[in-house]
Amino acid sequence: MSFIPGQPVTAVVQRIEIRKLRQGEHLILGFSIGGGIDQDPGQNPFSEDKSDKGIYVTRVTPEGPAEVAGLMMGDKVMQVNGWDMTMVTHDQARKRLTKKNEDVVRLLVASLLCNASPFVQTEFAI
Amino acid sequence: MDTESTYSGYSYYSGRSRGSHRHGERSRDHHKSRSKDGSRSEKSVTINAPPAEPLLGDSSVLGEEVQDDNWGETTTAVTGTSEHSLSQEDIVRITKDLEDSVGLDCRRYFSLTLAVVLGLLVFLTPLAFLALPHLLWPDKLLVCGTACEGLFISVAFKLLILLLAVWALFFRAPRAGLPRVFVFRALLAVLVLLFVVSYWLFYGVRILDSQDENYQGIVQYAVSLVDALLFIHYLAIVLLELRQLQPAFSVCVTRSTDGETRHYNLGQLSIQRAALAIIENYYRDFSVHNPALLTASKSRAAKHLAGLKVYNVDGEFPTTPATEAFKAKLKAYLLDSPGNNAATGLAHSQSRAMIAAAARRRDTNHNELYYEEAEHERRVRKRKARLVVAVEEAFTHIKRMQEEEQKKAPGDVMDPREAAQAIFPSMARSLQKYLRTTRQQHCHSMESIQQHLAFCITNNMTPKAFLESYLNPGPTLQYGRERWLARQWTLVSEASVTSGLKEGAIFLLKCIDFSLVVTTKRIPYIQLSEEFIDPKSHKFVLRLQSETSV
């Protein structure tokens with residue numbers, strides 16, 4: 001997933017649909033994200049290219065909705081419900097994922113692990 | 001073996017060096033070990049006698065308190081060197097060197113008289129220039145006006161300044177005798193002489209012969225002479241003092257016996273002046289040369305050679321058919337490869353056999369060395385601990401009396417020397433043992449230790465300060481005069497000693513027991529560049545890595 005600014009990104013991605021779980025008055029997805037254009041990309045343990053400022057899945061709670069849906073730790077989130085996640089700040093990413101009026105989020109993730117079956121190969125123009 | 005090698009070095013150098021004075025040698029020989037004359041190979045000697053010179057005004061006290069030679073111990077010491085013994089050869093050498101030293105003094109006095117004569121000539125010349133017209137043709141001279149008399153004052157003060165300047169620069173006790181003439185001084189003397197002679201020539205021809213009446217012109221001539229002399233003195237300062245201040249060379253000085261190395265920065269000097277600067281720094285920086293510390297490595301080297309015997313097969317033995325056959329068999333055995341040339345092959349195989357045998361021996365030697373050194377270190381530390389405790393305890397017995405107490409109780413009052421002698425016996429034994437373990441016992445005599453103790457007590461020093469000079473070997477000047485050997489230095493150099501230092505110059509400074517190897521390197525030309533940092537350019541960003549659960 002090398003990233004050249006201004007050029008379209010080519011990646012092998014898969015679609016993951018996560019149904020939110022209601023816990024009290026919060027809707028949770030069951031994973032944690034890290035990264036963003038306002039963060040330090042050098043400290044990201046999951047990225048291949050240490051200048052990649054995308055959003056990465058840093059933790060997946062066991063038996064949570066994300067794990068059930070097949071999300072793995074280290075995946076890079078490319079889109080959420082059609083919104084781009086490759087060039088957003090950390091807070092914008094959090095907001096996109098935790099909208100209160102949405103029950104389901106559909107993620108487009110690119111996985112590092114080789115057992116991810118590539119459904120879609122998509123080109124993104126940045 | 002130690003004794004032979006030391007003695008041979010001693011006689012070799014003292015016979016060669018012209019400038020060696022034997023006075024230091026004789027006093028050194030008086031108060032050292034009491035071994036008998038002429039015995040070269042002795043190995044056991046009693047402990048050092050106290051030195052011959054008594055302290056000023058304390059001889060009465062010294063008489064009562066002088067202890068046995070073996071203070072604190074009653075066993076004899078074993079020393080490996082007998083370089084201090086006086087023998088027949090020594091006496092012959094002393095008388096011969098006395099004659100040599102007379103020659104050196106002649107040279108010094110000769111140069112001293114030359115300098116004095118030149119100085120007098122220089123100072124009296126302007127006065128002569130001014131006085132001679134008045135003496136020779138007083139009637140014809142024009143009256144000296146105001147400007148002319150003002151010039152008299154100028155001449156007087158300039159001469160005074162010149163006198164003070166010459167006194168400051170040249171009237172100093174000579175600090176060394178160098179082997180060759182000091183080139184810059186000689187050149188300056190020649191320059192001054194030429195200058196004064198040319199002025200006299202001009203004066204003689206144009207003024208004395210023609211009996212010039214213009215006295216003001218003569219006075220101005222004398223003033224110009226004094227001005228030029230002051231400028232020559234400026235030249236002397238620059239050449240003699242200022243030029244070598246800027247460091248240009250870095251010299252590495254290594255002592256040949258134990259490898260102690262120091263580095264110094266010197267300016268552009270001739271080799272003999274650089275050697276002088278290095279020797280003066282040697283007396284300050286290097287620890288004192290202690291031959292007793294070198295015996296361990298020498299005995300190891302002896303053991304290496306003693307165990308191997310090399311037989312010469314092609315030798316001086318009478319040849320019989322049996323020995324010929326034996327030799328042939330031995331040759332065939334020693335020569336591994338058949339294609340070798342006989343002579344070189346034999347030499348090579350001999351050396352190979354020696355080195356192989358030596359290598360096998362070395363396998364056990366390093367083990368011995370390791371354990372020996374560990375044992376020695378442990379012993380030294382143990383003795384040091386005992387010594388420190390003993391000295392601290394001894395110091396607690398002494399307390400300084402205040403002024404008021406002195407008037408009140410004049411009973412048992414002691415001066416520092418008596419106080420030192422009172423507490424010395426309690427620490428004498430442990431100090432003696434420590435010095436013998438670290439092989440320093442011949443550097444310190446009982447008298448010097450008591451003197452040092454009195455000095456420390458007078459100046460309110462702590463026990464640690466007192467022990468400092470015994471725990472760490474200090475520079476050579478700290479010890480007695482017999483260790484200085486200041487007159488035994490020889491400069492050995494391939495280049496001429498009056499030529500300047502160059503990159504890669506190597507020369508040797510030989511003393512009796514050791515030599516200093518000096519190598520020179522030029523200090524590199526440094527190119528310094530500048531980088532300007534705007535103080536407003538110091539800006540920082542916060543780099544986060546936060547993790548959010550969704």
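This one's a predicted model, so the numbers in the text were calculated from it and none came from an experiment. Lettering follows sequence order; numbering is per chain, from 1.
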Between [atom1] of [X] and [atom2] of [Y], what distance do you get to the nearest 0.5 Å?
| X | Y | atom1 | atom2 | answer |
| --- | --- | --- | --- | --- |
| R59(A) | T548(B) | CZ | OG1 | 10.5 Å |
| S546(B) | Q43(A) | OG | CD | 10.0 Å |
| Q545(B) | D40(A) | CD | CG | 6.5 Å |

Take a 6.0 Å sphere around [atom1] of [X] and say whether it holds more than 12 heavy atoms from other residues, nucleotides or ligands.
| X | atom1 | value |
| --- | --- | --- |
| R262(B) | CZ | yes |
| Q246(B) | CD | no |
| E503(B) | CD | yes |
| K521(B) | NZ | no |
| R19(A) | CZ | no |

Let me know if I33(A) has heavy atoms under 4.5 Å from chain B in its side chain, its backbone, both or neither. both

Looking only at heavy atoms and a cut-off of under 4.5 Å, which of R94(A), H26(A), H90(A) has the most pairs with chain B? H90(A)

